[in-house]
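None of these values were measured; they are calculated from a predicted model. Whatever order the structure lists ligands and atoms in, that order sets their numbers, starting from 1.
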Amino acid sequence: MLRTCPLCEAVCGLQLELDEQDRVVAARGDRDDPFSKGFICPKGASLGKLDEDPDLLRAPMIREGDSWREVGWDEAFEAVAAGLGGVFERHGREAVALYAGNPTAHTVAGGLYLPLLLRSLGTRNFFSASTADQMPKHVSAGFMFGDPLSIPVPDLDRTDYLLMLGANPLESNGSLCTAPDFPGRMKAIRERGGKVVVVDPRRTRTADRADEHLFIRPGTDPFLLFGIVHVLLAEDLTNITVPVGGLDELRAVATLFPPEVAASQTGVPAETITRIAREVAGAKTAAVYARIGTCTAEFGTLAQWLVDVINVLTGNVDRPGGVMFATPAIGRMRRSRPYRTGRWSSRVRGLPEANGELPVATLADEITTPGEGQVRAVVTVAGNPVLSAPSGDRIGRALSEVEFMVSVDRYLNETTRHANVVLPPPTTLQSPHYDFALLGFAVRNYARYSPPALPLEDGRPSEAEIMARLAMIALGQTGDPALADELVIGTTLQKAVATSGSPVEGRDVAELRAELRGNTGAELRLDMMLRLGPYGEWNGGTLSNGTAPQAPRLSLQTLLDNPHGIDLGPLQPQLEERLSTESRQIELAPQQLVDDVARLREYIARTQPEILLIGRRQLRSNNSWMHNVSTLVGGSNTCTLHIHPDDVDRLGLSDHAVVKSAAGEVIVPLEPTDAIMPGVVSLPHGWGHAKSTQAVASANAGVNANELTDDSRIDVLSGNAVFNGVPVTVSPATA
Ligand SMILES: Nc1nc2c(c(=O)[nH]1)N[C@H]1C(S)=C(S)[C@@H](COP(=O)(O)OP(=O)(O)OC[C@H]3O[C@@H](n4cnc5c(=O)[nH]c(N)nc54)[C@H](O)[C@@H]3O)O[C@H]1N2
Ligand SMILES: Nc1nc2c(c(=O)[nH]1)N[C@H]1C(S)=C(S)[C@@H](COP(=O)(O)OP(=O)(O)OC[C@H]3O[C@@H](n4cnc5c(=O)[nH]c(N)nc54)[C@H](O)[C@@H]3O)O[C@H]1N2
Ligand code: SF4
Ligand SMILES: [Mo]
């Protein structure tokens, strides 16, 4: 049986073998998948184990005090209606907060029903893992390209030079760069004579496979990037091939950061910075790519901005081998309004919204601070903020105070244990898969749909149905949730036939509706989106570069007929379509970003703490939620503190240490290694399962790194959490 792995951004094709009981007896990479070509990682190989986990919830749970009771679906939804309804009545809609976690970016239910749920709840208290992750990229892209989703991805398969900061794809398999077998693609760069440079406070497995690795002091990437920009401008190494605005303003701020200043803050020698700038400029093609290590940092948005500034200055935006935009099968309308943040603000700290979201770093404030608009009810969908958000333990205490909480989640865990009702989605193999979000950031255009491989038990709703029911409850309606899908289909088609230049302009809505095929509302919607999209059945048109796509015209049926997935070709230049700035230029010096440079300059005068904490990912972990799969934990996958041997000696440590920050403290086992810079320690996140009822996870508990991260520190422009560069002290555990 063929499936897309739903676990991470690499979207690998899987080939599964099932026995008579429908248990997975073998999981291999699908060699006939044109994108992943047989690549698989240990997590994908354990998909069957995950679905068989005896601790997975199979029925809704209602909490009474400290004990849990399995209930039927009707009783569960009635409890939700009563709980949410009561809070709406007593305190109004703003008293409900929604938190959406990372898996909602991969599930069909998340892609199609989360927006519906949010609208139905009618609250502005919307939080997600995005403000613990990539919000700086959205904000930077919004200001530079006019669209927060216009995030260019490195054209890995054609580039001659990859400068990679704060990413470790050998463990993470890549992020905002959907590239199954990232390791193989990286190797290919070197094999065709290209160069890979990795910037990281740790010599990671990725760094080991690069041509060059530069240690950098945590949190200082914008200095390094500014140093490079400075050299490009000062030495006249620029080659701007796209329409830009703000070059003079950029020049003015870049003057403040010569390589010597960059060197003093980053620890990277000035000569090296100058050389890297010359190399990027001199390479036939080059791509600068920065990820989590640079996003979840105090100057996250500045870093993302400067990355794309370098890509623009060196002529590498929107050209093969540089950084490019994907053309996913599901298209989007061009943004018509200029990008803005701060259309509203959080109640307690006055933090601006970005992309309609408030920072998860202020979720606890909103719950615990009394007053008009206080959050009294929480809905979580596929999220575990107690382990994943900054000051997570504080969120846990806050959640224990709310009047009502409902979670859509596979597990009872550190977060959902505070819920009154938990609604479990079916297993991964019972769920459909289409990666709505991440195929938009792929290094090759590609589409693949996996229908549910196994049937649902009688009476068990799909996750889409769970979400639709929740949305209906929020609207105070009791009708058939399928009506929600028809409503979306109706309004989308109406808009499409009325839009000039749309592939179905002027056609009849009822006729179009009659062409749609699918077994569920979700499938009908997917069919519609595919047909309307750039390769769609309804779209006989051409791509932005004037060529007609090679692939068959897409509909749900085309994808069902091609279960290994469909290659839609290499990325195509399309800047004109992706630019939505008012000026129709790439803005090199957006005011908000230039203003934030003052904050960066103040950093220079700051007294630097002796030790900085950073995070790391582990190949066999998936944020906080796969530690209950026995084949994935233990060995290299345990929660330890990476620390340089010199620091171990200097601080008089032995096997364990107390790590203390402004927010909290934990005791952890040490793993001395010279792969980390002196003065930097690294703790992976997603651990801390001591109180878990999950058998394997609690036996491999580890500690919660986010008891150390501090929700009062954020990247100001995006509201993003700061996980890297957290000042800590480390002392012997016996002290
Ligand atoms: N196995 C596994 N894969 C995953 C996940 C997982 O939990 N486990 N999570 C998924 C998710 S949600 C995401 S967002 C992606 C993230 O994917 P990546 O961005 O590749 O994330 P990491 O592997 O954490 O790599 C971040 C690197 O940044 C470095 N770093 C820390 N601070 C700094 C700094 O200040 N500057 C620089 N230059 N580097 C720094 C760290 O040492 C680390 O090596 O991974 C996804 N894939
Ligand atoms: N210190 C530190 N903290 C970090 C990071 C870091 O690098 N350092 N990285 C941050 C990043 S990039 C991210 S994305 C966040 C992730 O943060 P979250 O998204 O909040 O946390 P996850 O650990 O991914 O939790 C996922 C939850 O979804 C449930 N789940 C899994 N599959 C499904 C499904 O199909 N449907 C439903 N309904 N539920 C499901 C799991 O049981 C689990 O409870 O963590 C952030 N936290
Ligand atoms: S790399 Fe990601 S998508 Fe591929 S098998 Fe592993 S977890 Fe699944
Ligand atoms: Mo993430």
Colleague: Find out whether His213 and Val199 are in side-chain contact, i.e. whether some heavy atom of one side chain is under 4.5 Å from a heavy atom of the other.
Modeller: no
Colleague: Is Asn706 touching ligand 2 with its side chain, its backbone, both, or neither, if touching means heavy atoms under 4.0 Å apart?
Modeller: side chain
Colleague: With heavy atoms only and a cut-off of under 4.0 Å, state how Ser388 meets ligand 2: side chain, backbone, both or neither.
Modeller: both
Colleague: Heavy-atom distances under 4.0 Å are what count here, so tell me which part of Ile292 touches ligand 2: side chain, backbone, both or neither.
Modeller: side chain
Colleague: Among all protein non-hydrogen atoms, which one is nearest to atom 32 (N) of ligand 2, and what is the separation to 0.1 Å?
Modeller: Arg410 NE, 3.1 Å
Colleague: Select the closest option to atom 14 (S) of ligand 2 among Thr131, Thr380, Asp133, judged by heavy-atom distance.
Modeller: Asp133
Colleague: Taking atom 25 (O) of ligand 1 as the point of reference, which of Asn168, Thr296, Thr266 owns the nearest heavy atom?
Modeller: Asn168
Colleague: Between Pro169, Ala303, Ser621, which one has a non-hydrogen atom sitting closest to atom 2 (C) of ligand 1?
Modeller: Ser621
Colleague: Does Asp200 reach ligand 1 with a nitrogen or oxygen that is under 3.5 Å from one of the ligand's nitrogen or oxygen atoms?
Modeller: yes
Colleague: Counting only heavy atoms, which portion of Glu171 has something under 4.0 Å from ligand 1: side chain, backbone, both, or neither?
Modeller: backbone
Colleague: Has Gln15 got a side-chain atom pairing as donor or acceptor with Asp30's backbone, closer than 3.5 angstrom?
Modeller: no
Colleague: Please work out which of Thr204, Asp221, Leu165, Leu224 has its closest non-hydrogen atom nearest to atom 38 (N) of ligand 1.
Modeller: Asp221
Colleague: Starting from atom 8 (Fe) of ligand 3, what is the nearest protein heavy atom, named by residue and atom, and what distance separates them?
Modeller: Cys5 SG, 2.3 Å
Colleague: Considering only the protein, which heavy-atom contact is closest to atom 3 (S) of ligand 3, and what is its distance?
Modeller: Cys12 N, 3.5 Å
